[in-house]
Amino acid sequence: MQEYKLFINGEWATSSTGETFDDVNPATLETIGKLQKASIEDVKSAVDSADDAFGKWSATPAPQRAKILFRAASMLEDRKEELSRLLTMEMGKVLKEARGDVQEAIDITYYAAGEGRRLFGETTPSELPDKFCMTIRRPIGVVGLITPWNFPMAIPAWKIMPALIAGNTLVIKPASDTPILSIELVKILEKAGLPGGVLNLVMGEGSTVGSAIVHHPKIRAVSFTGSLETGKWILGEAARDMKKVSLELGGKNPIIVMEDADLDLAVDGIIWGAFGTTGQRCTAASRVIAHEKIIKELQAKLIKRTKALRLGNGLLDTVDVGPVINNSQLRKIAQYVDIGKNEGANLVLGGRVVKPLAGYFFEPTIFTDVTPDMRIAREEIFGPVVSMLSAADVDEAIRIANSVEYGLSSSIYTASMRNAFRAIEKIEAGITYINASTIGAEIHLPFGGVKSTGNGTREAGTTAIEEFTEIKTVYIDYSGKLQKAQIDV
Ligand code: UN1
């Protein structure tokens with residue numbers, strides 16, 4: 001059995017308590033690794049080593065830091081297939097999507113490395129003569145990263161790479177269900193030449209290890225992707241020490257389908273958005289809001305196509321939908337199906353736990369006749385369940401889209417420019433797709449959401465550099481005399 005250790009101060013270390021836990025393949029329930037469970041003492045050592053490493057790393061020119069990232073990106077590329085297979089075994093998503101997860105990590109690593117030659121600030125004139133003004137970006141310090149299980153490689157890379165290029169030192173806690181890909185990422189960075197202490201990895205429960213990261217006084221910023229509940233808790237705790245926080249939380253992402261849409265294209269997008277990654281993306285399409293004139297036809301097409309999806313082990317290319325991550329998620333999804341039925345929604349397909357293998361499988365599920373007040377239309381399920389709602393026109397569809405507390409991704413299928421721009425302007429979401437599904441954001445554009453999806457920050461794109469830097473404003477007076485801004489002479 002492969003053992004995976006903590007990474008502290010450039011060394012692979014066992015936990016100070018010696019405790020371990022298992023990493024289980026959600027399709028087969030085979031244990032694929034033994035993981036060291038960090039103690040609060042281990043977290044302290046990790047933060048101390050990041051703090052010690054900060055001076056040197058932050059003083060290293062960003063293009064030099066970038067060299068390490070370029071090497072890491074190319075090593076990731078060389079190992080893409082092997083890492084993708086490992087990712088499917090650990091997380092369950094089908095191999096094609098696992099390759100996408102690894103590719104997203106490769107993309108952000110190259111992108112962040114390139115940013116090492118830019119990290120632009122602004123230059124402006126001064127209101128006074130012989131004076132120059134500019135902004136520069138400075139690293140924040142020691143940053144804590146807490147990542148989810150649904151993108152075991154892409155999301156850690158989204159956070160690690162921009163944070164490193166900006167000159168921060170890090171402590172990462174990957175999700176307990178899927179830490180192996182983060183460990184592989186750390187190993188690659190280590191091989192690529194990252195100095196000891198710059199990146200530290202601890203594993204264990206959120207309530208102990210995660211909490212110790214959030215509370216440590218030397219941690220100056222926390223970047224978290226996960227549930228709304230945990231996000232709110234982190235924001236509250238971090239506020240006491242004025243830590244910078246960036247949160248990427250839930251979604252209840254709508255696909256609007258108008259009466260003038262290409263319905264087959266819309267069905268492609270719904271299937272990809274709702275059942276891709278077994279519905280376990282923050283960006284998953286969990287609501288379809290269709291024009292009343294075409295909803296029946298759309299439903300018939302969707303049901304037919306969904307029936308053909310094959311569940312099983314994601315390593316096989318005959319499989320379309322993999323397992324869900326663990327038993328508690330499986331139970332939660334089943335509970336939501338009961339809630340939907342009790343609320344009076346019409347379960348037209350799926351709705352059951354199935355066992356093509358020993359693991360945690362749930363049938364792709366469709367509810368029709370869903371109304372906006374039902375819990376299945378409002379709450380994030382994070383499973384292969386889609387709710388169909390009907391609207392009389394584009395404005396009603398957008399009103400329904402906006403009636404939930406989340407605002408991450410959104411989509412509209414329409415042939416009309418007017419409808420498309422209505423959606424672009426009026427949907428309350430961080431991302432709007434036109435004639436494409438809600439998933440598949442590209443790494444060079446900002447990623448994040450409004451309302452309860454986050455706290456106003458964005459990941460990826462140039463906004464990732466904003467996430468992991470502080471702006472310093474610099475005034476350079478070369479007049480040789482005292483000059484006073486704002487004061488009449
Ligand atoms: C997530 O589910 O938290 O846009 C991230 C997408 C992916 C990232 C999803 N590129 O679906």
Side-chain angles (χ1 to χ4, degrees), residues 84 87 91-94 96-112 145-162 172 174-175 177-178 181-182 223-231 234 246-255 268-287 321-322 324-325 329 380-386 406-411 427 429-434 436-450 452-455 457-461 463-464 467:
S84 305
L87 198 152
M91 188 273 168
K93 65 174 72 174
V94 297
K96 263 190 195 149
E97 293 185 30
R99 291 189 189 112
D101 197 321
V102 175
Q103 187 59 47
E104 204 162 336
I106 296 168
D107 293 341
I108 191 79
T109 307
Y110 277 123
Y111 178 77
L145 310 175
I146 303 176
T147 56
W149 47 260
N150 67 334
F151 274 82
M153 185 155 252
I155 294 182
W158 277 10
K159 296 187 193 294
I160 290 173
M161 304 305 172
I172 183 168
D177 282 310
T178 61
L181 274 297
S182 291
S223 177
F224 170 75
T225 300
S227 73
L228 174 58
E229 194 192 354
T230 307
I234 290 176
S246 46
L247 301 173
E248 210 58 76
L249 310 173
K252 190 72 188 173
N253 312 293
I255 293 185
D268 283 343
I270 296 166
I271 290 191
W272 176 225
F275 305 128
T277 326
T278 322
Q280 304 171 109
R281 293 198 193 208
C282 308
T283 50
S286 54
R287 294 182 292 157
V321 181
V324 301
I325 189 69
Q329 280 301 119
E380 186 175 50
I381 300 173
F382 228 66
V385 180
V386 69
Y406 297 110
L408 181 53
S409 188
S410 58
S411 145
I427 294 183
I431 304 170
T432 297
Y433 289 90
I434 310 298
S437 191
T438 53
I439 68 175
E442 301 177 30
I443 61 88
H444 57 297
L445 287 145
F447 181 92
V450 302
S452 290
T453 293
N455 60 332
T457 59
R458 292 289 182 272
E459 293 195 283
T463 40
E467 181 184 359

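Counting convention: from 1, in listed order, for ligands and their atoms alike. Note: hydrogens, waters and symmetry copies are ignored here, and every other heavy atom, side chains too, is used.
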Need the list: ligand 1 N/O atoms against protein N/O atoms, distance under 3.5 Å, rounded to one decimal.
from: ligand 1; atom 1: 2 (O); to: N150; atom 2: ND2; distance (Å): 3.1
from: ligand 1; atom 1: 2 (O); to: C282; atom 2: N; distance (Å): 2.7
from: ligand 1; atom 1: 4 (O); to: G440; atom 2: N; distance (Å): 3.0
from: ligand 1; atom 1: 4 (O); to: A441; atom 2: N; distance (Å): 2.7
from: ligand 1; atom 1: 10 (N); to: E104; atom 2: OE1; distance (Å): 3.2
from: ligand 1; atom 1: 10 (N); to: E104; atom 2: OE2; distance (Å): 2.9
from: ligand 1; atom 1: 10 (N); to: A441; atom 2: O; distance (Å): 3.2
from: ligand 1; atom 1: 11 (O); to: R281; atom 2: NH1; distance (Å): 2.8
from: ligand 1; atom 1: 11 (O); to: T283; atom 2: OG1; distance (Å): 2.8
from: ligand 1; atom 1: 11 (O); to: G440; atom 2: N; distance (Å): 3.0

4.5 Å side-chain heavy-atom contact, I108 and E104: no
Q.
Is it the case that the side chain of S411 and the backbone of A436 share a donor-acceptor pair, with hydrogens and angles ignored and the cut-off at 3.5 Å?
A. yes
Original post:
Hey, are the side chains of S409 and Y433 touching, using non-hydrogen atoms and a 4.5 Å cut-off?
Top reply: yes
Sequence neighbours excluded, the answer for ring-ring contact (aromatic ring centres under 6.0 Å, His included) partners of W272 is none
With F151 as partner, the option from K93, M91, Q280 fulfilling side chain to side chain contact (heavy atoms under 4.5 Å, CB included) is K93
- request: Could you tell me whether the side chain of S223 reaches within less than 4.5 Å of the side chain of I146, counting heavy atoms only?
  value: no
